[in-house]
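Note on naming: letters A, B, ... go to the chains in the order of the sequence lines (proteins, then strands), and numbering restarts at 1 for each one. These numbers come from the heavy atoms of this one structure, side chains and all, not from hydrogens, waters or symmetry mates.
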2 protein chains.
Amino acid sequence: MAHKPRSEMIAETRAKLVAAAREAFGRVGYANASMDDFTAGAGLTRGALYHHFGGKQGLLEAVITQIDAEMSARLNGVSARFSDPWQGFVEECVGYIEMALEPEIQRIMLLDGPAVLGNPFNWPNQPGCIRSLTNSLKRLVADGQADVADPEATARLVSGASLHASLWIANSDDPEATSKRAVAAFKRLLEGLRTGAPSSG
Amino acid sequence: MAHKPRSEMIAETRAKLVAAAREAFGRVGYANASMDDFTAGAGLTRGALYHHFGGKQGLLEAVITQIDAEMSARLNGVSARFSDPWQGFVEECVGYIEMALEPEIQRIMLLDGPAVLGNPFNWPNQPGCIRSLTNSLKRLVADGQADVADPEATARLVSGASLHASLWIANSDDPEATSKRAVAAFKRLLEGLRTGAPSSG
DNA sequence: ATAATTACATACGTAACGTATGTCAATTGA
DNA sequence: TCAATTGACATACGTTACGTATGTAATTAT
């Protein structure tokens with residue numbers, strides 16, 4: 001049987017480590033994930049980990065980069081499904097909330113990531129999600145549909161509200177009901193950014 | 001010299017531990033704070049810590065309870081200084097942002113706290129800040145100044161936006177400038193919740 | 001006065017991290 | 001083609017720091 005090329009083997013090793021770490025971080029949290037354990041689970045040792053990622057933090061960065069890229073892709077997919085730009089924007093935000101309800105994303109991207117790596121906005125690709133929101137907002141402003149002076153700043157606020165909404169929902173006694181409340185309040189909040197804001201109704 | 005009463009000594013021990021832990025957690029972060037180190041700094045050992053707080057997490061909870069109470073008090077003070085209810089609400093939110101700029105609050109309440117203890121909304125008194133915002137919103141709704149169907153949900157979103165604004169500001173290259181942008185965008189966001197929302201201007 | 005509980009300190013075992021080093025394959029250069 | 005070097009890991013080691021178990025002196029209860 002022919003051996004695989006060297007570069008491919010290395011890529012596999014890296015991918016295996018990232019996958020194993022992602023699973024462990026998501027399941028038990030960064031602090032409780034033993035490097036010896038999950039590297040062994042991937043058929044490797046800590047030696048490989050230190051070689052490729054420099055340490056536990058480096059692996060976390062790699063995991064976060066991977067997840068963030070997936071989130072960006074999903075968000076772009078959501079907003080693209082709506083012909084009405086405003087509705088696309090709103091659903092993109094709601095999609096943000098829904099994604100953050102997944103335990104893995106919550107644990108890694110919202111809790112451990114910021115605590116270990118510091119501010120999420122400095123992360124490699126977290127800007128991905130922010131940029132997606134920012135671009136959507138810019139388009140709305142250009143179309144005259146949103147009255148926002150600083151789309152990027154607004155996008156960051158909106159993102160913060162979304163993330164915390166997710167934490168609230170996920171930790172509530174009745175996630176279903178809480179989710180409805182959060183999304184409703186969130187839509188109302190966004191409605192206030194609209195040009196002709198028909199706030200009273 | 002007369003000895004202090006027993007209960008007072010115990011209270012002092014607890015207070016010393018909380019103070020030492022608060023300083024250490026705020027300075028180097030929860031994970032990097034050695035219990036041996038900061039208990040020794042308080043003239044005690046880990047024995048006292050385990051006796052009073054059950055462990056490292058218990059101490060963190062105590063620290064967070066203390067900080068949260070302080071934050072609540074400060075927030076109440078801010079909103080009370082304004083005669084116009086709407087302005088009071090806005091400034092309360094801005095005060096929230098400004099408090100979260102302090103490194104200790106950011107590190108303990110925004111980063112380590114959620115990562116170690118889980119969702120902040122389950123914390124002992126974090127509801128303090130949320131409740132403060134919720135009450136302000138309810139009053140505005142009652143006065144007909146805000147058009148918000150679910151004050152609590154809205155308060156949580158607003159709080160999330162505030163907290164993330166703080167993280168953004170604190171980690172930006174130019175905190176001064178970023179702060180102005182964030183606060184401006186934040187005020188615009190709140191403006192959208194007003195009854196007669198004069199969004200275009 | 002003695003028993004029991006409280007408020008700590010001390011001692012111990014262990015898990016986990018980072019580093020330093022070792023090894024073997026693959027690549028490069030002559 | 002063969003030696004030298006680099007790269008990709010594994011192994012071994014020392015240290016830190018945590019939790020627990022135990023010890024002890026002072027207080028409280030009986």
Side-chain angles (χ1 to χ4, degrees), chain A residues 1-63 107-108 112-113 115-117, chain B residues 1-63 107-108 112-113 115-117:
Chain A
M1 47 168 118
H3 284 216
K4 297 187 176 179
R6 177 112 168 121
S7 62
E8 200 169 317
M9 297 281 302
I10 295 173
E12 263 183 33
T13 297
R14 287 182 58 100
K16 274 196 282 189
L17 284 173
V18 169
R22 177 172 175 169
E23 192 279 336
F25 292 162
R27 186 164 41 82
V28 299
Y30 176 82
N32 296 325
S34 159
M35 299 163 74
D36 282 316
D37 282 357
F38 67 74
T39 51
L44 296 159
T45 69
R46 265 187 358 220
L49 196 164
Y50 277 97
H51 179 70
H52 284 293
F53 301 97
K56 206 179 183 183
Q57 283 200 21
L59 234 187
L60 179 60
E61 289 175 25
V63 167
R107 183 78 246 180
I108 298 178
D112 287 334
V116 177
L117 265 37
Chain B
M1 47 167 79
H3 283 212
K4 298 188 174 178
R6 176 108 170 130
S7 62
E8 199 169 319
M9 296 283 300
I10 296 173
E12 264 182 32
T13 297
R14 287 181 59 101
K16 275 196 281 189
L17 285 173
V18 170
R22 177 171 173 169
E23 193 278 335
F25 291 164
R27 187 164 41 82
V28 300
Y30 177 83
N32 296 325
S34 159
M35 299 163 74
D36 283 315
D37 282 357
F38 67 75
T39 51
L44 295 160
T45 69
R46 267 187 358 227
L49 195 163
Y50 278 98
H51 178 70
H52 284 293
F53 300 97
K56 205 180 185 183
Q57 283 199 21
L59 234 189
L60 179 60
E61 288 175 25
V63 168
R107 181 80 248 180
I108 299 177
D112 287 335
V116 176
L117 265 38

With the side chain defined as heavy atoms from C-beta on, Ile10(B) is closest, among dC8(C), dA10(D), dG18(C), to dC8(C)
Nearest heavy-atom contact between Ile108(A) and Arg22(A) is CD1-O, 3.7 Å
Rounded to whole Å, the CZ-P distance (Arg46(B) to dT16(D)) equals 14 Å
So, with a heavy-atom separation below 4.0 Å from DNA chain C, the residues of residues 48-55 of chain B are Ala48(B), His51(B), His52(B)
Met9(B) atom CE is separated from dT6(C) atom C1', nearest whole Å, by 14 Å
To the nearest 10 degrees, the angle between the two end axes of the helix from dA1(C)-dT30(D) to dA30(C)-dT1(D) (five pairs per end) comes to 10°
Closest non-hydrogen atoms of Phe25(A) and Arg107(A), given as atom of the first, atom of the second and distance, are O-CG, 3.4 Å
In short, side-chain hydrogen bond (donor to acceptor under 3.5 Å, both in side chains) pairs touching residues 39-51 of chain B with sequence neighbours left out are Asp36(B)-Arg46(B)
Taken to the nearest whole Å, CD/Glu8(B) to P/dT6(C) is 21 Å
Here the pair of heavy atoms bringing Gly29(A) nearest to Asp112(A) is CA-OD2, 3.4 Å
What one should report as the nearest heavy-atom pair of Ala62(A) and Val18(A) is CB-CG2, 4.1 Å
Distance below 4.0 Å between Thr13(A) side-chain N/O and dA8(D) OP1 or OP2 = no
To the nearest angstrom, the CG-P distance between Leu59(A) and dC17(C) comes to 11 Å
Residues 23-33 of chain A vs side-chain hydrogen bond (donor to acceptor under 3.5 Å, both in side chains), sequence neighbours excluded, gives Glu23(A)-Arg27(A)
Here the residues of residues 14-23 of chain A within 4.0 Å heavy-atom distance, strictly under, of DNA chain D are none
Between Leu17(A) and Leu59(A) the two heavy atoms that sit nearest each other are O-CD2, 4.0 Å
Can you find a side chain N or O atom of Lys56(B) that sits less than 4.0 Å from OP1 or OP2 on dC18(D)? yes
Output for pair (Ile10(B) CD1, Glu8(B) CD), nearest 0.5 Å, gives 11.0 Å
Check: Leu44(A) and Leu49(A) side chains under 4.5 Å, non-hydrogen atoms
no
Note: contacts of residues 28-39 of chain A with DNA chain C (heavy atom, under 4.0 Å) are Ala33(A), Ser34(A), Met35(A)
Scanning both residues in full, the closest heavy-atom pair of Ala21(B) with Val63(B) reads CB-CG2, 4.1 Å
